[in-house]
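All remarks here apply to the structure that follows.
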Amino acid sequence: MLVLSRRIGESIVIGNQVTITVLEVRGDQVRIGIDAPRDVQVHREEVWQTLQEENARAADTADRARRLVARMPQAARRPEGTTQDDA
């Protein structure tokens, strides 16, 4: 981990498009401003971790559903009320 010291009003530039500026230091909290393009996702770490966990669960559920469907006989995969001739 790169560790840098900054004063209020000073910034850190990440890449060519992201700038992080220290706005305020109060006690053990630091208020920062982030200037980044709209397509760059910026999250608090705890929110990012929750998103990662939810995405992993969703991917696992989708993978399990695909495996279950793959094991089903062909006739059972058709939506109810349709026949093989409807396809």
Side-chain angles (χ1 to χ4, degrees):
M1 174 189 302
L2 173 65
V3 178
L4 301 171
S5 296
R6 302 279 61 203
R7 297 178 198 275
I8 293 172
E10 293 182 337
S11 300
I12 297 168
V13 178
I14 300 173
N16 293 325
Q17 298 181 314
V18 178
T19 303
I20 299 172
T21 304
V22 177
L23 302 176
E24 180 180 2
V25 178
R26 189 181 315 166
D28 62 349
Q29 285 193 326
V30 178
R31 189 165 178 234
I32 58 172
I34 302 167
D35 184 21
R38 288 197 172 275
D39 63 330
V40 173
Q41 294 185 13
V42 177
H43 302 284
R44 291 182 181 95
E45 184 179 26
E46 61 273 17
V47 171
W48 182 81
Q49 287 177 343
T50 300
L51 290 171
Q52 296 300 308
E53 291 167 6
E54 289 175 0
N55 286 342
R57 272 196 300 274
D60 186 50
T61 300
D63 187 49
R64 272 192 262 145
R66 272 192 294 277
R67 282 185 270 143
L68 285 172
V69 168
R71 288 192 289 174
M72 293 172 65
Q74 189 73 16
R77 291 187 209 173
R78 286 193 291 270
E80 194 170 313
T82 62
T83 65
Q84 188 173 7
D85 297 333
D86 293 337

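Residue numbers count from 1 along this sequence. Quick note: numbers below take in every heavy atom, side chains included, and nothing from hydrogens, waters or symmetry partners.
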Distance from [X] atom [atom1] to [Y] atom [atom2], nearest 0.5 Å?
| X | Y | atom1 | atom2 | result |
| --- | --- | --- | --- | --- |
| E45 | Q49 | CD | CD | 4.5 Å |
| R26 | I8 | CZ | CD1 | 10.0 Å |
| L23 | E10 | CG | CD | 12.5 Å |

Under a single-linkage definition using a 4.5 Å side-chain heavy-atom cutoff for Ile, Leu, Val, Met, Phe, Trp and Tyr, are [X] and [Y] assigned to the same hydrophobic cluster?
| X | Y | result |
| --- | --- | --- |
| V13 | I32 | no |
| L4 | V22 | yes |
| V3 | V18 | no |

Does atom [atom1] of [X] have more than 12 heavy-atom neighbours from other groups under 6.0 Å away?
| X | atom1 | answer |
| --- | --- | --- |
| R6 | CZ | yes |
| N16 | CG | no |
| E46 | CD | yes |

Pairs flagged by side-chain hydrogen bond (donor to acceptor under 3.5 Å, both in side chains) wherever residues 32-43 is involved - sequence neighbours left out: Q41-H43
field: Set of residues satisfying salt bridge (charged side-chain N to carboxylate O under 4.0 Å, His left out) with respect to R44, sequence neighbours excluded
entry: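 None.
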field: Residues which pass salt bridge (charged side-chain N to carboxylate O under 4.0 Å, His left out) with D60, listed by chain and number, not counting sequence neighbours
entry: R64
The single option from V40, T21, I20 passing side chain to side chain contact (heavy atoms under 4.5 Å, CB included) against I34: I20
